[in-house]
Amino acid sequence: MPFSSTTPRLDVRPLPPPAPELEPARDARSATRDPLAAALEDGLRAFCGRQRADGHWAGDYGGPLFLLPGFAIACHVTGVELSDYQRRRMIAYLEHVQNHDGGWGLHIESPSYVFGTTLNYVALRLLGVGPDDTRAARARAWLLAHGGAAGVPNWGKFWLAVLGVYSWDGVLPVPPELWLMPRSVPLHPANYWCHTRAIYLPVSYLYGRRARGPESQLLGALRQEIFCERVDEIRWSALREQVAPGDVYTPHSTLLRFAGRALAQYDRVHVRALRRRALAAVLDHIRHEDESTNYLDIGPVSKPLNMLAIWFAEGDSPRFRRHVERLGDYLWDAEDGMKVQGYNGSQLWDTAFTAQAILESGMADELDATLQRAHAFIDANQVRENVPDHARYFRDATIGAWPFSTAEQAWPVSDCTAEALKVSLLLAPRVESPLSDARLRQAADFLLSQQNDDGGWSEYERRRGPAWLELFNAAELFGDIMIAQTYVECTAAAVKGLSAFSRHDPRYRRGAVQDAIARGARCIRALQRDDGSFYGSWGVCFTYGTWFGIEGLLAAGASRHDDAIRRAVAFLRATQRDDGGWGESYRSCTELRYVQHERAQVVNTAWAMLALMAAGCTSREVLEPAARLLASRQRADGTWAQEAISGVFNKACMINYDNYRNIFPLWALARYHRVMETSAH
Ligand code: LAN
């Protein structure tokens with residue numbers, strides 16, 4: 001082992017301390033309070049009591065089940081040590097999320113996949129669980145009954161290949177040479193969706209070097225355990241195109257198969273000097289991404305992959321150590337065990353929503369200290385400079401924008417910018433040092449710079465490549481991941497943000513702002529489906545998308561009587577359940593049609609209520625049962641319990657937004673009170 005006394009260790013990053021306790025309620029609350037008013041008051045106080053001192057709300061951002069194995073493999077290959085406590089807690093998590101049939105899904109609510117089962121089985125073993133342990137044995141039985149690891153999706157193949165239990169010949173080629181092409185070639189990774197690009201980067205490095213971890217007895221044992229075939233009899237190259245059918249969301253296209261074969265041929269004869277140049281270029285990009293994000297990297301997949309690439313390039317170097325230091329930012333230790341989160345958190349996003357909920361509640365003065373801290377967090381997390389040499393590294397100018405998590409992660413997002421901009425304007429009158437006009441203008445500039453040609457917005461970057469690049473999607477598990485797409489959520493948020501900005505600063509780039517809003521609104525209209533709904537790409541699902549669609553159109557100046565608004569309202573009315581609530585299954589996201597959950601969900605109910613009330617609905621008959629349903633699900637301590645998973649990405653993978661179950665019921669109840677009060681007068 002290269003280390004002895006100074007072995008790098010994994011450390012969970014501690015949360016900032018809790019915010020000071022709230023002042024007690026001003027007036028003694030009467031015992032005969034209206035139960036809906038009480039639900040709002042008690043709920044807001046309870047949730048505000050969970051704020052951290054730096055102003056944000058922390059939350060568990062787990063859900064996907066392919067992240068922990070990546071971390072476990074990266075730590076194993078590079079010799080990063082986990083404490084006994086961490087191992088035990090991670091094993092506890094894997095046990096907690098194991099399905100009854102012994103396998104693991106793509107995410108915590110998914111049926112078992114070969115992908116999830118292979119990777120989490122390997123993770124269990126790397127964490128020290130023996131092959132005869134019941135959890136391992138049940139998982140292996142499921143895996144072998146489903147064809148074993150041979151047919152694991154491509155992403156699983158490359159994780160197993162760097163670990164050293166799968167041949168790189170079985171992985172679809174990921175040539176680093178693509179980075180040397182002119183950027184004008186559509187296939188150049190610069191034109192991909194940023195997450196795909198960020199993953200292609202280290203994978204092409206590891207593939208280009210055929211990197212694999214040190215051989216050990218454990219790896220020898222794993223090779224015996226995870227395949228149905230004898231390993232020395234496997235024809236690896238035939239496995240490139242073989243994927244367990246149950247795992248496939250996007251089948252390989254003929255073009256991809258053809259390209260894969262051609263590239264595999266090239267790989268056998270590749271020009272050495274070209275490969276060296278390509279690897280050097282890739283490494284340069286990896287270092288840039290690492291340094292410009294403080295070694296957090298854009299997400300939980302590229303993070304351990306970049307760490308591996310640096311390890312293979314440099315060994316136990318200072319850069320490698322910096323990587324190890326930031327692994328812990330992705331870990332979350334909770335009742336269900338220790339997991340790797342989908343991001344380094346959802347800090348900014350949750351804070352911006354919570355502040356808006358409070359501001360709509362009539363309790364803003366009482367909760368002023370909470371709002372001051374939220375402002376401080378939003379202020380501190382605006383991105384204040386572009387990443388160095390951004391254009392050379394295919395990054396956009398991002399000055400003035402806001403990220404989903406923290407500014408140091410340095411990957412701002414359109415809708416996060418829009419929500420933060422909006423809430424900064426709302427908070428301005430009550431805070432001592434509101435954001436300067438110059439900073440607000442930078443945020444507006446960012447939004448203007450990010451509009452797609454179709455008038456819509458993507459999340460991180462404008463769409464760069466042609467639609468046919470989707471034919472090269474080699475991650476069968478997901479849909480639409482090759483190029484940035486236009487989303488109703490991002491578009492509506494950007495329109496809302498720009499229209500709030502234009503009221504505040506009407507003269508700044510007036511023509512451009514108005515034009516962007518009008519084009520955004522046209523795009524939203526084009527995204528509306530025949531049944532009046534909007535498909536939500538980041539929340540489950542049509543209730544979420546429709547909430548954004550409605551509010552975006554209204555912000556662009558549509559009247560409540562606009563046909564698009566009426567159709568969206570009719571859609572929501574038609575999906576309301578007999579108990580007054582709304583409840584959507586995550587299958588809405590994958591099946592692209594509204595799928596009722598068995599039970600109403602507080603988060604869906606809140607989104608639908610917010611949307612209806614925004615659209616001018618004041619009907620007690622519609623809203624009161626929904627509000628009562630929210631109140632009836634509230635716990636004695638004022639918070640709501642976790643229900644079904646409510647976030648999604650790439651059509652197929654669900655992700656947990658821990659704070660949504662509190663933020664949205666509170667926001668909906670707040671709006672309900674306002675609406676009922678005004679309609680009573
Ligand atoms: C996120 C998290 C936040 C989310 C919103 C801001 C809510 C959304 O409105 C825009 C898209 C964005 C920023 C988003 C994009 C995709 C992410 C980064 C994630 C869902 C978190 C995890 C996911 C990332 C791609 C996971 C890594 C796995 C891959 C398959 C690449």
Side-chain angles (χ1 to χ4, degrees), residues 59 61-71 106-107 115 119 153-156 158-159 192-203 249-250 293 296-305 330 340-353 401-406 409 411-420 450 456-461 473-482 484-494 496-497 536-541 544-545 547-548 552 589 607 645-660 663-664:
Y61 198 45
L65 289 184
F66 53 92
L67 305 175
L68 191 155
F71 274 55
L106 183 60
H107 55 85
F115 184 60
L119 289 182
N154 201 38
W155 278 30
F158 74 62
W159 277 119
Y192 302 171
W193 179 45
C194 57
H195 277 276
T196 302
R197 177 167 89 237
I199 292 168
Y200 192 94
L201 185 68
V203 173
Y249 189 82
T250 307
T293 62
L296 288 165
D297 297 331
I298 190 174
V301 179
S302 62
K303 163 72 187 169
L305 287 168
Y330 283 93
V340 172
Q341 305 193 88
Y343 219 62
N344 68 320
S346 52
Q347 297 86 328
L348 189 282
W349 186 244
D350 289 341
T351 304
F353 278 148
W402 275 272
F404 178 64
S405 55
T406 54
Q409 188 261 1
W411 273 95
V413 178
S414 64
D415 56 2
C416 301
T417 301
E419 296 296 342
Q450 290 294 329
W457 273 263
S458 311
E459 3 66 328
Y460 293 92
E461 294 170 343
N473 175 2
E476 313 83 357
L477 299 149
F478 307 113
D480 292 346
I481 61 160
M482 291 303 291
Q485 314 270 347
T486 279
Y487 298 106
V488 68
E489 296 97 313
C490 301
T491 306
K496 286 196 278 180
S537 294
W538 307 108
V540 176
C541 175
Y544 187 64
W547 172 45
F548 278 97
C589 306
W607 287 333
I645 200 155
S646 56
V648 58
F649 57 91
N650 300 348
K651 300 241 159 45
C653 192
M654 306 303 134
I655 188 159
N656 178 39
Y657 287 77
D658 200 8
N659 290 320
Y660 279 11
I663 296 173
F664 290 109

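For ligands, and for the atoms within them, numbers begin at 1 and follow the listed sequence.
With ring centers used as reference points, Phe478 lies under 6.0 Å from Trp155.
Here Glu489 has no heavy atoms under 4.0 Å from ligand 1, in either its backbone or its side chain. Contact annotation: for Cys416 versus ligand 1, heavy atoms closer than 4.0 Å belong to the side chain alone. The proximity of Thr196 to ligand 1, defined as any non-hydrogen pair under 4.0 Å, does not occur for either the backbone or the side chain. The proximity of Phe548 to ligand 1, defined as any non-hydrogen pair under 4.0 Å, does not occur for either the backbone or the side chain.
Looking at Tyr343, Trp193, Phe66, it is Trp193 that brings a heavy atom closest to atom 25 (C) of ligand 1. Relative to atom 27 (C) of ligand 1, the option among Leu67, Val301, Ile199 with the closest non-hydrogen atom is Val301. For atom 1 (C) of ligand 1, the nearest non-hydrogen atom from the set Tyr61, Trp411, Trp349 belongs to Tyr61.
Using a distance-only test at 3.5 Å, with no hydrogens or angles considered, no donor-acceptor pair links the side chain of Tyr249 to the main chain of Ala475. Glu476 contributes no side-chain N or O that, together with a main-chain N or O of Asn473, makes up a donor-acceptor pair within less than 3.5 Å. A donor-acceptor pair under 3.5 Å is formed between the side chain of Ser414 and the backbone N or O of Ser458. No donor-acceptor pair under 3.5 Å is formed between the side chain of Glu459 and the backbone N or O of Asp415. Judged by distance alone, with hydrogens and angles left aside, the side-chain atoms of Thr196 form a donor-acceptor pair with the main-chain N or O of Ile481 at under 3.5 Å. A distance-only check finds no donor-acceptor pair linking the side chain of Ser302 to the backbone of Ala198 [under 3.5 Å]. Here the side chain of Ser646 pairs no donor or acceptor atom with the backbone of Val540 at under 3.5 angstrom.
Remark: distances from the non-hydrogen atoms of Tyr460 to ligand 1 include one below 4.0 Å.
Close contacts of ligand 1 with Asn650, meaning ligand atoms under 4.0 Å from a residue heavy atom, involve 30 (C). Counting the atoms of ligand 1 from 1 in the order shown, those under 4.0 Å from a heavy atom of Glu459 are 10 (C), 11 (C). Distances below 4.0 Å separate heavy atoms of Phe404 from the following atoms of ligand 1: 2 (C), 3 (C), 6 (C).
Among all protein heavy atoms, the one lying closest to atom 16 (C) of ligand 1 is Trp538 CZ3, 3.6 Å. Counting protein heavy atoms only, atom 29 (C) of ligand 1 is closest to Trp155 CH2, 3.7 Å. Closest to atom 22 (C) of ligand 1 among all protein heavy atoms lies Gly342 O, 3.3 Å. Counting only heavy atoms of the protein, atom 4 (C) of ligand 1 lies nearest to Tyr657 OH, 4.0 Å. Atom 9 (O) of ligand 1 has as its closest protein heavy atom Asp415 OD2, 2.3 Å. Protein heavy atom nearest atom 18 (C) of ligand 1, with residue, atom name and distance: His195 NE2, 3.1 Å.
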Chi angles and distances behind the side-chain hydrogen bond (donor to acceptor under 3.5 Å, both in side chains) call for Gln450, Tyr460:
CA-CA 8 Å; Gln450 290 294 329; Tyr460 293 92; over 6 Å; no

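Judged by the 6.0 Å distance and 45° axis criteria, Lys651 is not positioned over the aromatic ring of Trp538.
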